[in-house]
Asker: 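Let me begin by handing over the structure; questions about it come next.
Nothing here was measured: the structure is a model prediction, and the numbers come from that model.
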Amino acid sequence: QVQLRESGGGLVQAGGSLRLSCAASGRTFSVYAMGWFRQAPGKEREFVAAMRWTGVSTYYADSVKGRFTISRDNTKNMVYLQMNSLKPEDTAVYYCAASLRILSTRSSEYDYWGQGTQVTVSS
């Protein structure tokens, strides 16, 4: 069992930055990959970024590539999402997720989810 908890969301003006954190606990040794997803009101959940819990592979959605950076600190069981040059269209609830088997861009491939943290970007 893996527990995840996001933090760091808030209100920021367009062009600003936020750093989201995801604290993992429980059987973190079972985790293969961590991902960030977001969901705006009335919209489908969409992939943002993902990386291996160990190793160096990372993937980003085209909409955030060059602006967002996913990183980890295994000694602290933490995953981060640095969000720069934020745009109003980035407004959403952001979720971190853990996959036990695969590094994927699809939410259905992830086994555990955090509660989400709201990011609001004003124009």
Side-chain angles (χ1 to χ4, degrees):
Q1 197 76 15
V2 178
Q3 295 82 43
L4 306 173
R5 183 172 296 276
E6 305 95 332
S7 61
L11 175 64
V12 64
Q13 73 173 23
S17 298
L18 284 174
R19 183 179 176 86
L20 305 184
S21 299
C22 177
S25 60
R27 296 181 178 271
T28 57
F29 59 84
S30 299
V31 173
Y32 183 86
M34 298 291 296
W36 286 96
F37 294 80
R38 65 188 183 186
Q39 189 164 22
K43 301 295 190 294
E44 292 281 327
R45 189 183 309 173
E46 68 172 341
F47 170 76
V48 176
M51 73 181 306
R52 286 276 307 278
W53 189 241
T54 61
V56 297
S57 297
T58 60
Y59 293 92
Y60 296 93
D62 288 342
S63 59
V64 307
K65 194 172 299 181
R67 299 189 297 122
F68 292 9
T69 303
I70 186 171
S71 62
R72 68 172 188 261
D73 185 342
N74 296 95
T75 66
K76 299 179 180 178
N77 291 323
M78 297 287 291
V79 177
Y80 307 97
L81 186 68
Q82 179 66 45
M83 309 164 66
N84 298 328
S85 301
L86 283 162
K87 306 174 181 179
E89 50 263 46
D90 295 318
T91 295
V93 177
Y94 283 70
Y95 300 89
C96 68
S99 172
L100 303 183
R101 298 293 302 277
I102 191 171
L103 176 60
S104 176
T105 63
R106 306 189 70 86
S107 61
S108 61
E109 301 286 357
Y110 289 79
D111 303 288
Y112 299 99
W113 294 83
Q115 82 288 348
T117 186
Q118 177 71 48
V119 172
T120 302
V121 184
S122 62
S123 59

Asker: Of the non-hydrogen atoms in Glu6 and Cys96, which two are nearest, and what is the gap between them?
Answerer: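 In this case the closest contact between Glu6 and Cys96 is OE2-N, 2.7 Å.
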Asker: Is there side-chain contact between Met83 and Tyr94, with heavy atoms separated by less than 4.5 Å?
Answerer: yes
Asker: Are Asn74 and Arg72 packed together at the side-chain level, in the sense that at least one heavy-atom pair is separated by less than 4.5 angstrom?
Answerer: yes
Asker: Please check this pair: side chain of Asp111 against backbone of Leu100, looking for a donor-acceptor N/O pair closer than 3.5 Å.
Answerer: yes
Asker: Do Ser57 and Met51 come within less than 4.5 Å of each other through their side chains, counting heavy atoms only?
Answerer: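 Answer no - side chains too far apart.
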Asker: Do Phe37 and Tyr95 have ring centres separated by under 6.0 Å?
Answerer: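 Ring centres of Tyr95 and Phe37 not closer than 6.0 Å.
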Asker: Should the pair Asp90-Lys87 be classified as a salt bridge under the 4.0 Å nitrogen-to-oxygen rule?
Answerer: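 Salt bridge flag = no for Lys87 with Asp90.
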Asker: So Met78 and Tyr80, do their side chains get closer than 4.5 Å, heavy atoms only?
Answerer: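 Result yes, sub-4.5 Å side-chain heavy-atom pair found.
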Asker: Quick one: does Trp36's side chain get under 4.5 Å of Phe68's, heavy atoms only?
Answerer: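 In short, these two side chains do not touch, never coming nearer than 4.5 Å.
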Asker: Classify the side-chain pair Arg101/Tyr32 by whether it contains a donor and acceptor separated by less than 3.5 Å.
Answerer: no
Asker: Are Gln118 and Thr120 close enough, and set up right, to give a side chain to side chain contact (heavy atoms under 4.5 Å, CB included), and what steps lead you there?
Answerer: CA-CA 6 Å; Gln118 177 71 48; Thr120 302; 3.4 Å; yes
Asker: Write down the atom of Ser122, the atom of Gln13, and the distance for their closest heavy-atom approach.
Answerer: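 Taking Ser122 first and Gln13 second, the nearest heavy atoms are OG-CA, 3.3 Å.
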Asker: How many angstroms lie between atom CD of Gln82 and atom OG of Ser21, to the nearest 0.5 angstrom?
Answerer: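 Result: 9.5 Å between the selected atoms.
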Asker: For Ser63 and Arg38, run side chain to side chain contact (heavy atoms under 4.5 Å, CB included): C-alpha distance rounded to whole Å, both residues' side-chain angles, the deciding distance at 0.1 Å, then the answer.
Answerer: CA-CA 12 Å; Ser63 59; Arg38 65 188 183 186; 3.6 Å; yes
Asker: So, for Tyr112 and Leu4, which heavy atoms are closest and what is the spacing to 0.1 Å?
Answerer: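 Closest pair (atom of Tyr112, atom of Leu4, distance): O-CD1, 3.5 Å.
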Asker: Could you measure the distance from the CD atom of Gln3 to the CZ atom of Arg27? Nearest 0.5 Å is fine.
Answerer: 10.0 Å
Asker: Would you say Leu103 and Trp113 are hydrophobically clustered, going by side-chain heavy atoms of ILVMFWY under 4.5 Å?
Answerer: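 Same hydrophobic cluster.
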Asker: Given the rule that I, L, V, M, F, W and Y join up when any side-chain heavy atoms are under 4.5 Å apart, are Leu20 and Val2 in one cluster?
Answerer: yes
Asker: I want to check something: taking the side chain as every heavy atom from C-beta on, are Val79 and Ile70 in contact at a cut-off of under 4.5 Å?
Answerer: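 Side-chain contact under 4.5 Å: yes.
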Asker: Do Tyr110 and Met34 share a hydrophobic cluster (ILVMFWY, side-chain heavy atoms under 4.5 Å, transitive)?
Answerer: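 Different hydrophobic clusters.
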Asker: Does one hydrophobic cluster hold both Tyr60 and Val121, with members joined at side-chain heavy-atom distances below 4.5 Å?
Answerer: yes
Asker: Could you tell me which non-hydrogen atom of Ala14 sits nearest to which non-hydrogen atom of Pro88, and how far apart they are?
Answerer: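 Residues Ala14 and Pro88, closest heavy atoms: CB-CD, 4.1 Å.
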Asker: Quick check: closest heavy atoms across Leu18 and Leu86, and the distance to 0.1 Å?
Answerer: N-CD1, 3.9 Å
Asker: Going only through I, L, V, M, F, W and Y residues with side-chain contacts under 4.5 Å, is there a path from Val119 to Val48?
Answerer: yes
Asker: Taking all heavy atoms of Arg19 and all of Ser71, pick out the closest pair and write down the distance.
Answerer: NH2-OG, 4.3 Å
Asker: Say you draw a straight line from OH of Tyr59 to OG of Ser104; how long is it, rounded to the nearest 0.5 Å?
Answerer: 10.5 Å
